[in-house]
Amino acid sequence: MIEPQWQRHWAAEQTFRAWNPGDRIPESHPFGLRHGLDGRAASASELPPKFYILDMFPYPSGAGLHVGHPEGYTATDILARYRRAQGFNVLHPMGWDSFGLPAEQYAVKTGQHPRITTETNIANFTRQIQSLGFSYDWTREVATTDPEYFRWTQWIFLKIYNSWFNPATNKAEPIDTLSYPADCQTEAQQRAFRDSKRLAYVSEAPVNWCPELGTVLANEEVIDGKSEVGGFPVIRKPMRQWMLRITAYAEKLLADLNTIEWSDSLKEMQRNWIGRSEGAEVDFQVDGQPEKIRVFTTRPDTLFGATYMVLSPEHRLVAGLTTPAQSAAVKQYQEFAATKSDLERTELAKDKTGVWTGAFAINPVTGGQIPIWIADYVLASYGTGAIMAVPAHDERDFEFAQKFGLPVVQVVQPPDAKTEWQGFCDEGTAVNSGNAELALDGLPTAEAKRQITVWLESKGLGQKTVNFKLRDWLFSRQRYWGEPFPILWRKDADGNLYHEALPETALPLMPPTLEDYKPTADGQPPLARAQDWLHLPDGAIRETNTMPQWAGSCWYYLRYLDAKNAQGFVGREVENYWMKSGGKTPGVDLYVGGTEHAVLHLLYARFWHKVLFDLGQVSTAEPFFKLVNQGLILGEDGQKMSKSRGNVVNPDDVLVEYGADAFRLYEMFMGPLQDTKPWNTQGVEGVYRFLGRVWRLFVDEKAETDYEQASTVASGTDSAAESARLLDLIRLSPLIRDDAPTPAQLKLLHECIRKVTHDLEHLQFNTAISAMMVFINGAMTWENRPSTVLGSFLQLLAPFSPHLAEELWQRLHQHRDAAVPSLTYAPWPAFDPALLVETDMELPVQVNGKLRDVIRMPVDATAAEIEAAALKAEKAQQFIVGKTVKKVIVVPRKMVNVVVA
RNA sequence: GCCGCGGUGGUGAAAUGGCAGACACAGGGGACUUAAAAUCCCCAGGCCGAAAGGCCGUGCGGGUUCGAGUCCCGCCCGCGGCACCA
């Protein structure tokens with residue numbers, strides 16, 4: 001009952017507004033009062049230090065919130081409230097990642113416009129989130145589907161489109177800085193060159209096509225050959241698609257992981273996805289033909305053991321190399337490989353297949369003739385699409401050689417003589433590796449790599465190279481409910497299609513209104529249905545693909561900074577204040593969300609941010625300084641929550657039963673934030689009881705009974721006036737007085753302050769809560785409850801259970817006839833170590849490392865005194881008497897260990 | 001297969017190399033009550049014992065140390081990610 005009341009109060013007071021530099025802070029707003037900025041505008045330097053706490057904004061699904069959402073949101077809310085109390089200017093916003101498939105699928109089924117579905121869902125999510133009492137600044141709410149939002153998503157796309165990556169400066173630059181090679185003379189040639197360099201470009205390459213979803217997908221969205229969403233089969237299909245050149249940033253995306261505080265596992269996932277590997281490219285001359293085949297290898301030291309070569313079936317040289325005798329077999333194999341889906345390719349991975357082209361190449365170090373094969377275990381998309389096969393020291397090559405009877409030559413000796421050299425893939429010592437100019441025998445692998453690479457470079461046969469697994473980002477989707485590309489297609493004088501950007505003044509480009517949201521009959525995206533939208537009067541045609549859902553989430557954290565800015569995606573000064581000021585924590589200070597975005601959202605957003613950084617649009621190289629993944633909450637049965645298992649817990653139900661405070665507290669008390677843990681409704685009961693004890697620590701028992709009787713009588717009439725009248729019956733306990741606290745009371749309080757403060761800094765919410773429980777268990781026995789001690793405790797409780805804390809805080813001050821200061825902006829209680837000092841201490845006595853007794857000693861006892869006392873410790877006697885004391889170890893203020901023999 | 005994280009009571013979990021199991025849930029016993037709910041008090045890792053007390057105990061096996069849940073080496077198991085990436 002008190003919870004909605006306080007939520008209304010916070011909304012009316014705008015308690016949690018975050019102030020931008022230059023904002024005028026209204027008179028008597030508690031933030032202004034606390035920081036001496038009452039009723040005036042504050043410059044960036046006058047504002048207190050910033051703290052930006054961000055949640056991963058949700059996709060507002062029709063199912064509503066599940067208990068996993070509030071876990072992260074509660075953690076960030078607690079920290080936001082804690083930082084406000086510490087005096088930071090806290091930015092804590094919420095918004096909606098509202099483009100997405102479910103609303104569109106619903107539209108296909110029912111014809112209801114996705115915007116309506118989306119708005120309904122947002123309203124429901126808003127209600128649910130607000131009922132939890134989170135301290136968001138709702139004036140900064142954003143939705144990716146809002147035209148005033150996606151206008152800037154399209155604007156950023158144009159920035160990316162109009163940029164290229166300059167390897168000389170190692171950063172993105174406006175496309176005008178591109179200089180054309182001498183053979184680019186005509187306008188068409190220059191355009192083609194420009195378009196080939198843009199960070200957003202059109203590609204005709206094979207893409208991941210998901211027939212079930214009717215759209216293409218990025219590599220990151222395909223898992224085991226199936227779509228990440230829905231788990232539908234994905235096939236390779238050549239299509240004209242928009243790509244973003246994320247590979248240009250591979251090195252920076254990898255290196256800058258070292259500058260941010262993310263969990264090891266998350267960084268590792270990104271590192272694996274980027275997949276950097278160092279090696280060499282080597283050219284192999286095709287025997288009797290002018291062509292050379294370039295391969296990439298991480299083990300150039302094994303070149304002497306290369307006994308055959310393999311090209312991917314799609315390799316461009318295959319057709320030219322193949323001998324007439326082998327031509328039919330090769331063609332057949334290419335077709336076989338092409339029809340395999342990704343899924344089949346993965347599933348059949350164990351069994352190697354391939355055919356010989358009939359051609360040979362020359363091994364550049366041995367001069368030997370080696371056959372050239374094609375096989376689909378070599379991927380066209382990685383490295384050069386061709387390999388040198390060293391069956392002796394590569395598992396896959398070994399398997400292939402075994403199957404097709406190809407020679408195996410040892411060139412590495414394992415360090416342990418007992419190890420079988422065939423199939424030995426680790427580092428060892430080079431053997432059988434020498435020719436007239438080169439002698440690698442006896443060299444350890446690392447040195448052999450170095451020497452042969454130098455030799456290859458000197459001969460012009462190859463060079464050191466770095467390769468990445470990361471592919472460019474497939475950025476277009478055949479969807480209706482996404483941002484339309486601000487791109488037009490035209491034909492030049494020769495009738496060739498080319499693309500051109502819409503002017504910024506044409507933004508936002510709205511999607512057309514449609515009757516039917518399905519793709520068109522001829523496989524075109526749904527937007528192609530809207531004929532009058534599609535065709536411009538001057539003959540141009542609009543791009544009909546839309547952007548993927550990730551586009552909107554790539555920069556929403558920047559829009560929060562300046563959500564209403566109509567002139568730009570974010571104001572320069574504002575961006576600088578929130579992202580850069582504070583120095584040691586550039587960017588978002590804390591970002592909390594699930595681990596499912598490890599290589600999707602979090603990689604894409606870092607990429608966009610780096611482009612914007614290079615273009616001077618933002619002031620930091622990384623967007624998210626510290627990132628924490630909250631763990632999954634399982635159902636009560638220990639299984640993942642799912643509708644089919646029927647173990648889903650709905651926050652609304654918990655709220656009705658126990659209220660937001662108990663719900664929040666329980667979510668944090670379950671265990672460490674990062675851990676996966678099962679839900680247990682009886683656990684909610686436990687923290688609910690704790691809150692009941694807090695209440696009874698403050699409230700007079702008799703008044704409580706009166707209130708309960710009155711509310712039983714009045715049940716049925718639940719008007720606001722009636723509940724106010726009832727609440728008026730509550731009186732605080734007469735045990736609460738303004739008396740000076742005793743040393744024991746102060747000690748209990750300050751132990752709690754110390755622990756809660758420490759644990760909040762380390763996001764250890766579960767142990768902070770247990771510290772408050774310890775305090776309450778102790779304080780319940782007090783006959784005299786000093787108001788100052790109780791007030792400080794409420795401040796500690798406030799971030800966790802703000803409604804109860806506010807209610808009692810208000811009553812505590814009224815009880816003393818004092819004005820009620822803002823709880824949100826009351827300075828965080830300071831911990832005084834002096835109050836914890838004791839005059840004596842308990843000291844465990846160990847004999848040979850086993851606990852035998854505990855003695856009491858004054859804290860300033862000398863080591864000698866402690867030793868003497870320990871040797872006399874009563875219960876330790878039977879383990880000491882009759883033995884020789886060899887040593888006594890006294891750890892000051894910790895314990896004492898007697899070593900006997 | 002490779003990479004990362006983890007393994008502690010009946011359960012969720014605590015423990016800067018220094019009294020293992022704080023805090024809570026479930027359980028047992030008691031008080032209040034006509035009764036129930038709520039609340040309050042007590043017990044509670046295992047084994048032996050009437051008790052005092054003793055022995056054992058943090059996945060398994062070794063090691064370092066006066067002392068190891070914690071550090072090192074080798075295994076086993078679980079979870080997550082990647083997976084023909086040359």
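A, B, ... follow the sequence lines: proteins, then strands. Residue 1 opens every chain.
Residue contacts shown for Thr676(A) are limited to sugar-phosphate atoms, with no base heavy atom under 4.0 Å away. Using a 4.0 Å heavy-atom criterion, one finds that Phe879(A) contacts the sugar-phosphate atoms exclusively. Among the heavy atoms of the strands lying under 4.0 Å from Asn897(A) is at least one base atom, whether or not backbone atoms are also near. Asp397(A) comes within contact range of no nucleotide atom at all, as no heavy-atom separation falls under 4.0 Å. Among the protein residues, Gln682(A) comes within range of the sugar-phosphate backbone only, with heavy atoms under 4.0 Å from sugar or phosphate atoms but none that close to a base. At a threshold of 4.0 angstrom between heavy atoms, the contacts of Ser770(A) include nucleobase atoms, whether or not backbone atoms are also involved. Contacts of Met895(A) with the nucleic acid, taken as non-hydrogen atoms under 4.0 Å apart, include base atoms. Within the nucleic acid shown, Lys267(A) has no heavy atom closer than 4.0 Å to any nucleic acid atom. Contact annotation for Gln764(A): no contact, since no heavy-atom pair falls under 4.0 Å across all strands. The residue Val774(A) sits close only to the backbone: its heavy atoms come under 4.0 Å of sugar-phosphate atoms, none of a base. Residue-level contact check: Phe468(A) touches neither bases nor backbone, having no heavy atom under 4.0 Å from any strand.
Between Asn766(A) and A14(B) there is a side-chain polar atom (N or O) within less than 4.0 angstrom of OP1 or OP2. The shortest distance between the side-chain N/O atoms of Tyr382(A) and the OP1/OP2 oxygens of A86(B) is below 4.0 Å. Lys850(A) has a side-chain polar atom (N or O) that falls below the 4.0 Å cut-off from OP1 or OP2 of C56(B). Checking the phosphate oxygens (OP1, OP2) of G81(B), no side-chain nitrogen or oxygen of Gln270(A) falls inside 4.0 Å. In terms of phosphate contacts, Arg696(A) brings a side-chain nitrogen or oxygen within less than 4.0 Å of OP1 or OP2 of C40(B). Neither OP1 nor OP2 of A37(B) sits under 4.0 Å from any side-chain N or O of Arg689(A).
Atom NZ of Lys677(A) and atom P of C5(B) are 18 Å apart (whole Å).
With a glycosidic angle no more than 90° from 0, G9(B) adopts the syn conformation.
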Ring pair (Phe, Tyr, Trp, His ring centres under 6.0 Å), that's the test. Do Phe336(A) and Tyr333(A) meet it? Break it down for me. CA-CA 5 Å; Phe336(A) 159 76; Tyr333(A) 184 78; 5.5 Å; yes
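With salt bridges taken as basic N to acidic carboxylate O contacts below 4.0 Å, one links Glu751(A) and Arg754(A). Taking 4.0 Å as the cut-off between side-chain N and carboxylate O, Glu251(A) and Arg276(A) count as a salt-bridged pair. No salt bridge links Arg299(A) with Asp394(A); every basic N to acidic carboxylate O contact stays at or beyond 4.0 Å.
Put simply, the side chain of Thr676(A) never gets that close to the backbone of Gly631(A): no donor and acceptor are under 3.5 Å apart.
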